[in-house]
There are 2 protein chains.
Amino acid sequence: MSKSNLQVSLEIVLFSLIAEKLHVYVQNCATAPYIDKYCLPHGDILFTEDNTIEEAIMRTLKALQFKSLSYIEQVKTIGGIARDPRGWSLAVVYYGFVAVDKMIDSTNIQWIAIDDLQANDFAFDHALIVQESHQRLKSKALYTSLPAFLLPEEFTLTDLQKAYEAVLDCKIEKKSFRRRMLDAHILAETEKVRRANHRPAQVYQLIDQTPHIFNRIIEGARH
Amino acid sequence: MSKSNLQVSLEIVLFSLIAEKLHVYVQNCATAPYIDKYCLPHGDILFTEDNTIEEAIMRTLKALQFKSLSYIEQVKTIGGIARDPRGWSLAVVYYGFVAVDKMIDSTNIQWIAIDDLQANDFAFDHALIVQESHQRLKSKALYTSLPAFLLPEEFTLTDLQKAYEAVLDCKIEKKSFRRRMLDAHILAETEKVRRANHRPAQVYQLIDQTPHIFNRIIEGARH
């Protein structure tokens, strides 16, 4: 292709679970005509520094002070003439998870519940990027342990169920959920017990660093 | 990013099912040092013709004389300094399915069984692109009706089972497979019956134009 006018950016949808709700990290857009709109954190590929796209992503996250994501995945690449007023552009989109205990304290950081975000809050096509990333996350949550990666390193089965419920936006039956998670051998018991309202709850960690694929989709999760 | 030196290409992995085996479409590479190696069909984005990446893909497929794919999906974007001797490059990878009855007759076309291809048969990083596309297809075949889209419009349950077996590279238990496919209400009976060795087999068509997600993964498919 003609090399002039092509913009390539990396767009990152950061998800976190705050107060049992799925949140997205947004910045304030400084580009007209989108002043006062939200935009996603983004980065560029630097030929002299990055050997691969993944290196560019890691450098971008480090610059944003997100050093320890529990999960990151490329979602898709979108591109076209209409998505950026400056010309034909490509955006390589990733989503990543930031556990609530790994959040950094900065006034530039805005975590907004995904249910509170509307399409016209966003600059460019970032509403579409968030929507497609959320849809991918929901699809994968149906049959993998992906929502577990939204949690801090140590969590109870109730925490885990609430993570699934937040991602899938539905109630899940407790007994079959617990049986499924324990039968999959993806959780390691820690020596800790957490005392909440009534009975003590076992604290777990994930065994594997990659999501597990279940034999059946999460029950009750498909409407 | 600096705009100079960035190559962006579209790379297309075309899959087909020929003689009950998964095949990939390859071309002969004309670029040194890869003469005599295979490469994937590829295209460019043309700023003046293509409004989106999808339009560029459709134009590329048309130029290759593949007008009627039964399925197409973006796999991922890979990019780096080392993947092309000409400089930093991005490849946006798609895979698509060509049903055997829609194949065009041309001496430039080479369909090779995926089991007969080895990594060093390929130019550039195209072996890796094929491998990752194949892996994505296998993953999706575990819990969706995607392999059905490899078949011609009309097929029997035996054809469908063989498509799954070719993609997943394993034997599937006939009775539970048939029950699963019929219970999912994704197939419409045609008025045709095909007579093979012994008993007549009902001929079906797909009802939906998008893959169906099953409640359970295909039994016997995980080793």
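Note on naming: letters A, B, ... go to the chains in the order of the sequence lines (proteins, then strands), and numbering restarts at 1 for each one.
- The main-chain N or O of T77(A) is found under 3.5 Å from a side-chain atom of Q74(B) such that the two form a donor-acceptor pair.
- Closest non-hydrogen pair, R216(B) versus R216(A), comes out as NH1-NH2, 3.1 Å.
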Please walk me through it: do L6(A) and F47(B) pass side chain to side chain contact (heavy atoms under 4.5 Å, CB included)? CA-CA 9 Å; L6(A) 179 67; F47(B) 288 148; 3.7 Å; yes
What's the verdict on side chain to side chain contact (heavy atoms under 4.5 Å, CB included) for W88(A) and I45(B), showing C-alpha distance, side-chain angles and the deciding distance? CA-CA 10 Å; W88(A) 226 104; I45(B) 296 169; 3.4 Å; yes
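- For a residue to count as touching a neighbouring chain, one of its non-hydrogen atoms must lie under 4.5 Å from one of that chain's; by this rule I78(B) touches chain A with the backbone only.
- Taking CD1 of I81(B) as the reference point, atom CG of N51(A) lies at 7.0 Å (rounded to 0.5 Å).
- Atom CG of D36(B) has 12 or fewer heavy atoms from other residues, nucleotides or ligands within 6.0 Å.
- Of the inter-residue distances, the one linking L90(B) atom CG with T52(A) atom OG1 reads 11.0 Å to the nearest 0.5 angstrom.
- Among residue pairs with one or both ends in residues 120-139 of chain A, those qualifying as ring pair (Phe, Tyr, Trp, His ring centres under 6.0 Å) are Y34(A)-F124(A), F124(A)-H126(A); sequence neighbours excluded.
- Counting non-hydrogen atoms of neighbouring residues, nucleotides and ligands closer than 6.0 angstrom, the CD atom of E153(A) reaches no more than 12 such neighbours.
- Surrounding NZ of K138(A) are more than 12 heavy atoms belonging to other residues, nucleotides or ligands, all under 6.0 Å away.
- The most heavy-atom pairs under 4.5 Å with chain A, out of I53(B), V75(B), D50(B), T48(B), come from I53(B).
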